[in-house]
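Values in this document were obtained by computation on a predicted structure and should not be read as measured data. Residue numbers begin at 1 in each chain, while the letters A, B, ... track the order of the sequences.
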Number of protein chains: 2
Amino acid sequence: MVTLADVARHAGVSASTVSYVLSGKRTISEETRRRVEQAVADLGYHPNARARALAARRSHIIALVVPLRSDVYVPIMMQIAISVTIAARQHGYDVLLITNDEGPEGVRRVALSGLADGVILMDVELDDKRIPVLRELGTQAALIGLPDDRQGLSAVDHDFAAAGAMCADHLADLGHREVAFIGYGPGVYQRHAGYAERTLAGFQRRAEERGLRFVHRPCEGNYESTAGTLARILSDRPGTTGFVVQNEGAIGPLLSLLRLSGRTVPEDASVIALCPETLAEQYAPSLTAVTGPAQELGRVAVEHVMKRITAAGRGQRPDDELVLLSPVLTVRESTGPAPKRDPET
Amino acid sequence: MVTLADVARHAGVSASTVSYVLSGKRTISEETRRRVEQAVADLGYHPNARARALAARRSHIIALVVPLRSDVYVPIMMQIAISVTIAARQHGYDVLLITNDEGPEGVRRVALSGLADGVILMDVELDDKRIPVLRELGTQAALIGLPDDRQGLSAVDHDFAAAGAMCADHLADLGHREVAFIGYGPGVYQRHAGYAERTLAGFQRRAEERGLRFVHRPCEGNYESTAGTLARILSDRPGTTGFVVQNEGAIGPLLSLLRLSGRTVPEDASVIALCPETLAEQYAPSLTAVTGPAQELGRVAVEHVMKRITAAGRGQRPDDELVLLSPVLTVRESTGPAPKRDPET
DNA sequence: TTGTAGGCGTTATCAT
DNA sequence: ATGATAACGCCTACAA
């Protein structure tokens, strides 16, 4: 293995000079810089990350904690993990994969051992058990998702309220007056990250502003549950012409069931989904959908940790940041103008 | 930060003693062991991974190189990544995520910098550009997938030939005499990892042994291509009653098209797929399928690198291993006894 | 602009 | 059974 000392000897300078040439933390004469660079090339020198990490007190590694099973659609998780990795590389960082089966202890482990300089948490829950650990250890961290208390942390998430509002607007713009919001089962509303609530709240508020009549119906995301939910909606509010689906599992069943009930999409009923593009395009008809930019999530989270690590390295207290990313509405085949009203209504 | 020296002082022993107590590489008197353990607990000592890596010349990190976009179904990739991480932890190792956009240079980087002790390559191609780098650097590595030349490497993959054979057997057992194999488009056969060929070869061989009449038809995996493929099969071989689908993209279209052609599955035609369980269960009717154990892939790859790292650490030349994992046939709703032959045949 | 020297926190070799 | 002590390879005040 070629070391700094070898390079120094070969170039006829001291080891520290080589170090400074490489780090650029000192002004170096053109002459020595050239000599050093030549020596590096001649010997095929590559800095040793272990020694560097020890001496510089920085591993240039961030830990990414991924859920084992989550409410997040798996391809999206992967997309986020990859965008985190690519973004980190652009800052000279590598990414250590931590699975959540280690629980909060996994976070403690990487932070305490000095393996990682910072941590990114995916799939953060409202009352996430990993967060107290971060606080206790003063670990620099960025969250993907919004917890109850984000004091001392930076966080990024989709702007779910805006997404909900966009759904209401789109249906209202198309002239729909009675709409239904098909949400998640009660479990999700209680347990999880509040994204279900935030979406619903955004939808409700905008729906009221736009004068829509609407109902919200929870749904477990399987065929039976969707059938029950739809039946109830259609009997309670037979005039319903617009459907917002938040639960990916309910999309397929809903489309089938609407067809069975004799309704054509989008002529008789419009369906707008809150889901990733790839999913929206899989169905026939393809779905008008509101989608959050998954890659951005990873990119911003990396910016967040990086800022914090840098600040902390300078002895400063990092700012707590919060970024909500705007979703995008893509109109496809599943929404259209509201049908003419029946005489009865 | 609490260091080894702090613990040593607190316990009234030397630093090296503490180190040995922790590593267990020396016999220690009960008395001192107790004192040291007490000191560790009192001070809340945690070994520093960076210093340990430098001194021990072992980072306890393996790099996992994941494809950005691949022929592998994304959830399966994720499953493999996670099983790698979990298996690595059981060996005291952590996993560094490397995306393949760095190309072969990514492998060079982690190996040369000493960041990782070993490397696992996913989605290995027949003529993989990363492999020469591994050889050149003498990096300990395990491959998921089978390259042309695996000299100096360990590899694990599904036994695709066996999977193909299982399909032939299953259809033969059900009494089918004329079957069709719907494969990938020509591109995959040329470019990729040989799994397409291996599956087909296994199928062909067993089909011949079992006296099946069969055709192999490439297919691009979209609706149009599948339609063309099916039409050709049905006109060339109207007596075909069994279909083997290797291309996931063709599954949905095939089912729809069979229905359109007036054939009921499995009464008139049997369909058996080569795909993950989650996919097989998504369709109606659910698909009889041959599936490889994805988690095992990760687990075995980890065993492979671990063995190699250990051997190399002892100055031994590691054995090159090859493991082919047996797939599993799960009978679901899409296959059944061959229909009675038409009088004409 | 460059060099010297003391760490960084562990491991592991040699003594005792 | 335990202790000194020299690496491990690099960084960075402090000097010159």
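Screening B:L121, B:N100, B:I98, B:L97 for a side chain to side chain contact (heavy atoms under 4.5 Å, CB included) with B:V66, the sole residue that qualifies is B:L97.
Contacts of A:S23 with the nucleic acid, taken as non-hydrogen atoms under 4.0 Å apart, are absent. When heavy atoms are screened at a 4.0 angstrom cut-off, B:S29 is found touching the sugar-phosphate backbone but no base atom. Across all strands shown, B:R57 has heavy atoms under 4.0 Å from sugar-phosphate atoms exclusively, and none from any base. At a threshold of 4.0 angstrom between heavy atoms, the contacts of B:I28 are confined to the sugar-phosphate backbone, with no base atom among them. At a threshold of 4.0 angstrom between heavy atoms, the contacts of A:S16 include nucleobase atoms, whether or not backbone atoms are also involved.
Between A:K25 and the phosphate of D:dC11, there is no side-chain N or O to OP1/OP2 separation shorter than 4.0 Å. In this model, the phosphate group of D:dG3 is approached by a side-chain N or O of B:T17 to a distance below 4.0 Å at OP1 or OP2.
Distances from the side chain of A:A56 to the nucleotides D:dC11, D:dG3, D:dG9 place D:dC11 closest. When distances are taken from the side chain of A:N48 to each of D:dC8, D:dG3, D:dC10, the shortest belongs to D:dC10.
The pair B:R108-B:E136 meets the salt-bridge criterion, since a charged nitrogen lies less than 4.0 angstrom from a carboxylate oxygen. One finds no salt bridge joining B:R89 and A:D101 here, because no Lys/Arg side-chain nitrogen approaches an Asp/Glu carboxylate oxygen to under 4.0 Å. Ion pairing of B:D148 with B:R150 is absent here, as no side-chain N (NZ or NE/NH1/NH2) approaches a carboxylate O to less than 4.0 Å.
If you take CG of A:L54 and P of D:dC11, they are 11 Å apart, rounded to a whole angstrom. What separates CG of A:L22 from P of D:dC11 is a distance of 8 Å, to the nearest Å. Here D:dA7 presents its C1' atom at 17 Å from CZ of B:R52, a figure rounded to the nearest Å. Atom-to-atom, CZ of A:R50 to C1' of D:dA7 comes out at 15 Å; the value is rounded to the nearest Å.
In this structure the side chain of B:L115 reaches within 4.5 angstrom of the side chain of A:I61, judged on heavy atoms. Between B:V124 and B:R130, some side-chain heavy-atom pair lies under the 4.5 Å cut-off.
Remark: nothing in residues 35-44 of chain A comes within less than 4.0 Å of DNA chain D through any heavy atom.
In this structure, NE2 on A:H304 lies 10.0 Å from CG on A:L143, to the nearest 0.5 angstrom. Atom CD1 in B:I144 sits 9.0 Å away from atom CG in B:D157 (nearest 0.5 Å).
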- Item | B:E37 vs B:R34, salt bridge (Lys or Arg N to Asp or Glu O under 4.0 Å): CA-CA, chis, key distance, verdict | CA-CA 5 Å; B:E37 279 164 356; B:R34 238 196 14 70; over 6 Å; no

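Toward the 5' end of DNA chain D, the nearer of the two residues B:A51 and B:E31, judged by each one's closest nucleotide, is B:E31.
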Look for any protein N or O under 3.5 Å of an N or O in nucleotides 14-16 of chain D and output each such pair with its distance, or none.
unit_1 : atom_1 : unit_2 : atom_2 : d
D:dC14 : N4     : A:R26  : NH2    : 3.1

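Here the side chain of A:R35 pairs a donor or acceptor atom with the backbone of A:A11 at under 3.5 angstrom. With B:T139 contributing its side chain and B:A141 its backbone, the two residues share no donor-acceptor pair below 3.5 Å. Under a 3.5 Å cut-off, the side chain of A:D319 and the backbone N or O of A:E321 do not form any donor-acceptor pair.
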Distance-only donor-acceptor hits, side chain of residues 40-50 of chain A, under 3.5 Å, sequence neighbours excluded:
unit_1 : atom_1 : unit_2 : atom_2 : d
A:D42  : OD1    : A:Q38  : NE2    : 2.8
A:D42  : OD2    : A:H10  : NE2    : 3.1
A:N48  : OD1    : A:R50  : N      : 2.7
A:N48  : OD1    : A:A51  : N      : 3.0
A:R50  : NE     : B:G114 : O      : 2.5
A:R50  : NH1    : B:R57  : O      : 3.2
A:R50  : NH2    : B:G114 : O      : 3.0
A:R50  : NH2    : B:D117 : OD1    : 2.8

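Think of the region where chain B sits on DNA chain C: with heavy atoms and a 4.0 Å cut, that region ends 5' and 3' at C:dG9 to C:dC14.
The terminal axes of the helix from C:dT1-D:dA16 to C:dT16-D:dA1, fitted over 5 pairs per end, subtend an angle of 40° to the nearest 10°.
Evaluation of the ring pair (Phe, Tyr, Trp, His ring centres under 6.0 Å) test over residues 74-96 of chain A, restricted to residues two or more places apart or in two chains, returns A:H60-A:Y93.
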